[in-house]
*Asks:* 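Here it is: the structure, laid out below.
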Amino acid sequence: MNKNQIVAIVPAAGVGKRMQSKVPKQYIEIAGKTVLQHTVEKLAQIAKINKIIVAVSKDDPYISEIKPELPAKVVLTQGGAERADSVLAGLNCLDVNEYPWALVHDAARPCVRADDIRKLIDHVLQNQQGAILAAPVRDTIKLSNAAQKVEKTVDRSALWHALTPQMFATGLLQHALQKHLQDGCMITDEASAMELSGHPVHLIEGAMSNIKITRPEDLEIAEMFISRVL
Ligand SMILES: Nc1ccn([C@@H]2O[C@H](COP(=O)(O)OP(=O)(O)OP(=O)(O)O)[C@@H](O)[C@H]2O)c(=O)n1
Ligand SMILES: C[C@](O)(CO)[C@H](O)COP(=O)(O)O
């Protein structure tokens with residue numbers, strides 16, 4: 001068994017409520033392809049990624065149309081009610097021993113730089129510990145009160161935006177997600193499950209252009225970044 005085998009898990013089973021569009025945002029076309037295709041093709045460029053599992057919703061009516069155009073190393077599975085459930089579903093269709101490392105990347109982040117993904121992978125394999133792409137907060141941060149008035153200004157010197165990919169030992173991540181989801185914890189990224197289990201999480205600086213397409217105004221920004229050859 002190659003101890004550095006890496007599987008990418010792409011949670012793509014969301015409905016995209018905040019995008020307010022008829023089509024789930026991962027299937028919106030920008031620069032001639034769906035967001036999902038851009039994201040999966042970016043991951044497929046990374047030679048060290050051996051398999052890509054895309055978790056789609058149970059009744060996804062769009063995936064069958066684009067599946068033939070997806071890279072050969074892509075396999076599909078059924079996602080779950082929340083993002084963390086979809087990630088766990090991806091992990092559960094794996095032989096953990098065959099893929100000791102899992103790299104989780106949002107379908108909604110098509111602008112990620114391939115070099116940032118490679119930087120993350122190299123750090124994790126070299127240190128044998130989990131890490132995530134992240135970007136230092138660059139704005140002044142305000143804490144709001146219930147009336148949306150400033151409660152206080154927060155010290156931002158140690159604050160980071162958590163991005164994806166997030167890469168961890170597959171077995172540890174599977175166990176952490178299973179446990180903390182069962183305990184009813186709020187798990188919005190893989191790192192939070194690993195933190196709850198006491199595992200170290202390193203922050204690897206990545207480009208802020210790696211936006212998560214979430215609201216309508218994000219599409220124009222994503223198109224600009226995707227159209228630039230990075
Ligand atoms: N049950 C879910 C919910 C989300 N996701 C995926 O997780 C990623 C990040 O989640 P988010 O941006 O919150 O996507 P949505 O949940 O679709 O957005 P919204 O919260 O606006 O509905 C997206 O690629 C989304 O498809 C998923 O696989 N399964
Ligand atoms: C995983 C993530 O993209 C890291 O910032 C983020 O937590 C996803 O949050 P969402 O509310 O599911 O979009």
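For ligands, and for the atoms within them, numbers begin at 1 and follow the listed sequence. Quick note: numbers below take in every heavy atom, side chains included, and nothing from hydrogens, waters or symmetry partners. The shown structure was predicted, so the numbers you read here are calculated from the model rather than taken from an experiment. The first residue of the sequence shown is numbered 1, and numbering continues consecutively from there.
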*Asks:* At less than 4.0 angstrom from any non-hydrogen atom of Asp189, what atoms of ligand 2 do you find?
*Replies:* 1 (C)
*Asks:* Could you tell me the residue and atom name of the protein heavy atom closest to atom 2 (C) of ligand 2, and the distance to it rounded to 0.1 Å?
*Replies:*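 Ranked first by proximity to atom 2 (C) of ligand 2 is Asp106 OD2, 3.7 Å.
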*Asks:* Rounded to the nearest 0.5 Å, what's the gap from CD on Gln128 to CH2 on Trp101? Could you check?
*Replies:* 4.5 Å
*Asks:* Quick one, Met167 and Leu125 - any side-chain contact, counting heavy atoms below 4.5 Å?
*Replies:* yes
*Asks:* Give me the residue, atom name and distance of the protein heavy atom closest to atom 10 (P) of ligand 2.
*Replies:* Arg18 NH2, 3.7 Å
*Asks:* Compare all side-chain heavy atoms of Asp116 with those of Asn210 and state whether any distance is below 4.5 angstrom.
*Replies:*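 They are not in side-chain contact.
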*Asks:* Ile53 pairs by side chain to side chain contact (heavy atoms under 4.5 Å, CB included) with which of Val104, Thr77, Leu91?
*Replies:* Thr77
*Asks:* Side chain, backbone, both or neither: which part of Glu190 has a heavy atom under 4.0 Å from ligand 2?
*Replies:* neither
*Asks:* Ignoring hydrogens and geometry, is there a side-chain-to-backbone donor-acceptor pair from Asp122 to Lys119 under 3.5 Å?
*Replies:* no
*Asks:* Rounded to the nearest 0.5 Å, what separates atom CD in Gln178 from atom CG in Leu173?
*Replies:* 10.0 Å
*Asks:* Quick one: nearest non-hydrogen protein atom to atom 13 (O) of ligand 2, plus distance?
*Replies:* Lys212 NZ, 2.6 Å
*Asks:* Taking atom 8 (C) of ligand 2 as the point of reference, which of Val87, Thr188, Thr164 owns the nearest heavy atom?
*Replies:*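 Nearest heavy atom to atom 8 (C) of ligand 2 lies in Thr188.
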*Asks:* Nearest 0.5 Å, what's the CD1-CZ distance between Ile221 and Arg215?
*Replies:* 12.0 Å
*Asks:* Ligand 1: which residues have a non-hydrogen atom closer than 4.0 Å?
*Replies:* Pro11, Ala12, Ala13, Gly14, Val15, Gly16, Lys17, Arg18, Lys25, Gln26, Gly80, Ala81, Glu82, Arg83, Ser86, Asp106, Ala107, Ala108, Lys212
*Asks:* Taking only non-hydrogen atoms of Arg109, do any sit less than 4.0 angstrom from ligand 2?
*Replies:*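 Arg109 counts as a contact of ligand 2 under the 4.0 Å cut-off.
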*Asks:* Is it true that Val137 and Ile204 fall in one hydrophobic cluster, defined by side-chain heavy atoms closer than 4.5 Å?
*Replies:* no
*Asks:* Considering non-hydrogen atoms of the protein only, which is the closest contact for atom 4 (C) of ligand 2, and what is the distance?
*Replies:*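 The protein heavy atom lying closest is Ala162 O, 3.4 Å.
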*Asks:* side-chain hydrogen bond (donor to acceptor under 3.5 Å, both in side chains): which pairs involve residues 23-38, sequence neighbours left out?
*Replies:* Tyr27-Asp60, Lys33-Glu41, Thr34-Gln37, Gln37-Glu69
*Asks:* Any donor and acceptor pair, going by atom type alone, linking the side chain of Asp183 with main-chain N or O of Cys185 inside 3.5 Å?
*Replies:*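 Not confirmed, Asp183 side chain does not pair with Cys185 backbone.
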*Asks:* For atom 12 (O) of ligand 2, what's the nearest protein heavy atom and its distance?
*Replies:* Arg83 CD, 3.7 Å
*Asks:* With no hydrogens and no angle check, just 3.5 Å: does a side-chain donor-acceptor pair link Ser197 and His180?
*Replies:*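 The answer is yes; a qualifying pair exists.
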*Asks:* If you measure every N/O of Leu163 against every N/O of ligand 2, is any gap under 3.5 Å?
*Replies:*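 So ligand 2 has no N or O lying under 3.5 Å from an N or O of Leu163.
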